[in-house]
Amino acid sequence: MDEIKSEISKIIKNAIQDAINANELPITTPPDIPFSPTKTPDHGDIATPIALGLAKSAKMPPRTIAEIIHKYVNLEKHAIISDLEIAGPGFINIYLSNEWFYDTIRNIIAERQDYGKSNIGSKKKIQIEFVSANPTGPLNIVSGRAAAVGDTLVNLLNAVGYDAVREFYVNDAGGQVERLGQSIDIRYRQTLGENNLEIPEGGYNGEYITKFAKEIVADDSDTHLKLLDDERISLFKEKGIAHLLGQQKNTLDRFGVNFDVWSSEQAIRDSGKPDEIINIFREKNYLYDNEGATWFKMTDFGDDKDCVVIRSNSEYTYFVPDAAYHLDKHDRGFTKVIDLLGPDHQGHITRLKNFVKALGLPDDWLEIDIIQQVNLVDSEGNRQDMSKRQGQFYTLDLLIDELAESVGERYAVDVARYFFLMRANNTHLDFNIELAVTQANENPVFYIQYAHARCCSIFQQAREQQYRIKPVEEVNLELLGEPEEHALIRKAADFPSVILSSAEDREVHRIPHFLHELAGLFHPYYNLHRVLDSSNTDRSYARLILVDCIQTVLANGLNLLGISAPESM
RNA sequence: GCGCCUGUAGCUCAGUGGAUUAGAGCAUCUGACUACGGAUCAGAAGGCCGGGGGUUCGAAUCCUCUCAGGCGCUCCA
């Protein structure tokens, strides 16, 4: 569809140029030609509002301009356009030739599982960091959304020719995991009978901590009590991180998300890179000391306040290892890095970007996109706060479990992924668990999957009815003359540009919507027209090719979303 | 107070650089041929696109003000 646009763009530009040369249009040069998608077949295959755009500079009514342009397009010279018409206030509606439709079909069949891909990315190395949940508890549904979106974004970027990788940053150092160790320690000692102990401020109250502490007691009984407090907490911290991280990995694995790289904050700290960062900043005179702490001149970068990088207790604030981590990403050769963060990290964005700038990296090297929150809502519509520290949250595992009870294990992940992927990143998602589970059967993913299964079923029937596999060259595509067939192919032709725009704009949800629309054209077609018709086998062969195309696009699209394309349901 | 996000049908959401008649799904109502799978299809109903003002021949879309909700502005991460 993109090629067709640039070709038609050229034709119309030439027509405008000819009109200018003939003194019929009082403008100097032909502008770029915009296209608008057509909502109904009555508006042709594509349309351009160019005449409306020129109305002002040409000081002429748009319809008149459209008529002039129309006059200078030589339809007989351009085989890809079958007809032009002027509509409404001055739109030029363009009808594409049948030959173009046949080419599209042949193209889909030829490219098969690669249909939709492109090479725009020229194999540039891009890294997407997402989820990066603290290893202090199970993954919740917020991480689930991030996981689904990030995973799909990487698929999309790879599909358009980038070399994109998934990375998870493990915050296995600093105050949070320190308090994790302390929390496990309290539960451990409580399990062994100590009273009057309380989880410290900012510690973790979740049931899973108690459960894990009991496991430690079961394995090692009270042997750890012999250790000094600090040693024991440190040990429990290590054990806790390993345990919870392992759990997170299992959940992600179940959810179909496989990270290429797991980076450790502790490793970054141990590497000495944070010290390098500080030295670089000091040399560049970005730092100063005040009240016993070391501050970074964030105001030099336009922020409204400076921020502490080394606390008065001489520990780094989290900015330092984080900046070091990003420098490390750069050293690993990524030409671009995208961080997907939650909205609670809003304040972090400008600062992190400023740190990266201070390190001398280009402005657009680091892109930070916010994936909006997921709120838990009860059946009365009241929000419920999720907090790992307070032990209130809804885990991704539980979601998949409950969905599995409703739609079966086979589709639970598909339903969950689709649920997250169908929303734009910036929607604030109110998640009603009860509703999500009871309505799981209504999830639109089934509509798409069913369309795919239907295609497979038709081929199954075809085999039973002794149809043979005919290569597309032997099939008379001219027998595909129904308007519904026309619409299906035109839709399928959009697939590559939908992938491209979806990847470039980081708007993953366009893929589910596109697939839903495609399925929405296929089901009515199926009901209206028989594919396999023994009284017209030539046409049946042509329609089988069409079904093959639709199945291919559906499968390719679902594959990008990490959702299964079942052959039967 | 400042910054970011959101507000579209009863509900959940689409709406690509303004543009031909604002669209789906769910829910509601009415229908579907002994035919390739009824997880489907055909149809009905449902809207001052939060509100005011502005730019434009034309605004859900751009600008401005305003209302409502969420999030962020820590020597927490």
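So you know, we letter chains A, B, ... as the sequences are listed, proteins then strands, and number each from 1.
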For this session: Can you label the angle between the F355(A) ring and the F319(A) ring as parallel, tilted or perpendicular, going by 30° and 60°?
Result: tilted
Exercise. Roughly how many Å is it from CG in L528(A) to P in A35(B), rounded to a whole number?
Worked result: 16 Å
For this session: May I have all residue pairs that pass side-chain hydrogen bond (donor to acceptor under 3.5 Å, both in side chains) and include part of residues 300-311 of chain A, sequence neighbours excluded?
Result: Y288(A)-D306(A), T299(A)-D306(A), R311(A)-E315(A)
Exercise. If you check the F446(A) side chain, which of A39(B), A14(B), A77(B) turns out closest?
Worked result: A39(B)
Exercise. In whole angstroms, how far is the C1' atom of G17(B) from the CD1 atom of I50(A)?
Worked result: 13 Å
Seminar exercise, completed: Per the 3.5 Å Watson-Crick/G-U criterion and a run length of at least three, the stems involving RNA chain B are B:1-7 with B:67-73, B:10-13 with B:23-26, B:28-32 with B:40-44, B:50-54 with B:62-66
For this session: Mind checking ring-ring contact (aromatic ring centres under 6.0 Å, His included) for F420(A) and listing every partner two or more places apart, or none if nothing turns up?
Result: none
Exercise. Over how many whole Å does the gap from H348(A) atom NE2 to U74(B) atom P extend?
Worked result: 14 Å
Exercise. Is Y318(A) side chain donor-acceptor paired with the A77(B) base, going by distance under 3.5 Å alone?
Worked result: yes
Exercise. Would you call Y418(A) and F446(A) a side-chain contact if the rule is heavy atoms closer than 4.5 Å?
Worked result: no
Problem set entry | Contact list for RNA chain B against residues 498-509 of chain A - heavy-atom distance below 4.0 Å | H509(A)
Seminar exercise, completed: Sorted by chain and residue number, the side chain to side chain contact (heavy atoms under 4.5 Å, CB included) partners of P343(A) (sequence neighbours excluded) come out as I370(A), Q372(A), Q373(A)
For this session: Answer with base, sugar-phosphate or nothing: what part of the nucleic acid does G520(A) contact at a heavy-atom distance below 4.0 Å?
Result: nothing
Seminar exercise, completed: The contact string for nucleotides 20-31 of chain B, one letter per nucleotide 5' to 3', using protein heavy atoms under 4.0 Å with B, S and - for base, sugar-phosphate only and none, comes out as B---SSS-----
Please list, pair by pair, any protein nitrogen or oxygen found under 3.5 Å from a nitrogen or oxygen in nucleotides 1-10 of chain B.
unit_1	atom_1	unit_2	atom_2	d
C4(B)	O2'	Q346(A)	NE2	3.4
C5(B)	O2'	Q372(A)	NE2	3.3
C5(B)	O2'	N426(A)	O	3.2
C5(B)	O2'	H428(A)	NE2	2.9
C5(B)	O2	H428(A)	NE2	3.1
U6(B)	OP1	N426(A)	ND2	2.9

Exercise. Counting side-chain heavy atoms from CB outward, which of C76(B), A35(B), A39(B) is closest to Q176(A)?
Worked result: C76(B)
Exercise. Which ones in residues 291-298 of chain A lie close to RNA chain B, meaning a heavy atom under 4.0 Å from one of its atoms?
Worked result: E291(A), A293(A)
For this session: Identify, with sequence neighbours excluded, every residue that meets side chain to side chain donor-acceptor pair (under 3.5 Å) alongside Y316(A).
Result: D275(A)
Problem set entry | base_contact_polar (C75(B) base, S312(A) side chain, donor-acceptor, <3.5 Å) | yes
Problem set entry | Closest to side chain of Q461(A), choosing from C36(B), U40(B), A14(B) | C36(B)
Problem set entry | Contacts of Q182(A) that satisfy side chain to side chain donor-acceptor pair (under 3.5 Å) - sequence neighbours left out | none
Problem set entry | d(CG, L521(A); P, C41(B)) in whole Å | 11 Å
For this session: Output all residues satisfying side chain to side chain donor-acceptor pair (under 3.5 Å) with D414(A), sequence neighbours left out; order by chain, then residue number.
Result: Q449(A), S564(A)
Exercise. R423(A) has an atom CZ; how far is it from atom C1' of G15(B), in whole Å?
Worked result: 16 Å
Exercise. Taking for each residue the nucleotide of RNA chain B bearing the nearest heavy atom, is the 5' side occupied by P49(A) or by C307(A)?
Worked result: P49(A)
Exercise. Which whole number of Å gives the distance between the C1' atom of A9(B) and that of G46(B)?
Worked result: 6 Å
For this session: Kindly assign one of parallel, tilted or perpendicular to the pair F431(A) and F419(A), based on the angle between their ring planes and the thresholds 30° and 60°.
Result: perpendicular
Seminar exercise, completed: Residue set satisfying side chain to side chain donor-acceptor pair (under 3.5 Å) with D339(A), at least two apart, ordered chain then number -> H326(A), K329(A)
Problem set entry | Nearest-neighbour nucleotide for the H513(A) side chain, C41(B), C13(B), G38(B) considered | C13(B)
For this session: Grab the CD-P distance between E517(A) and U16(B) for me, whole Å please.
Result: 12 Å
Exercise. Is H529(A) touching bases, backbone alone, or none of the nucleic acid, heavy atoms closer than 4.0 Å?
Worked result: base
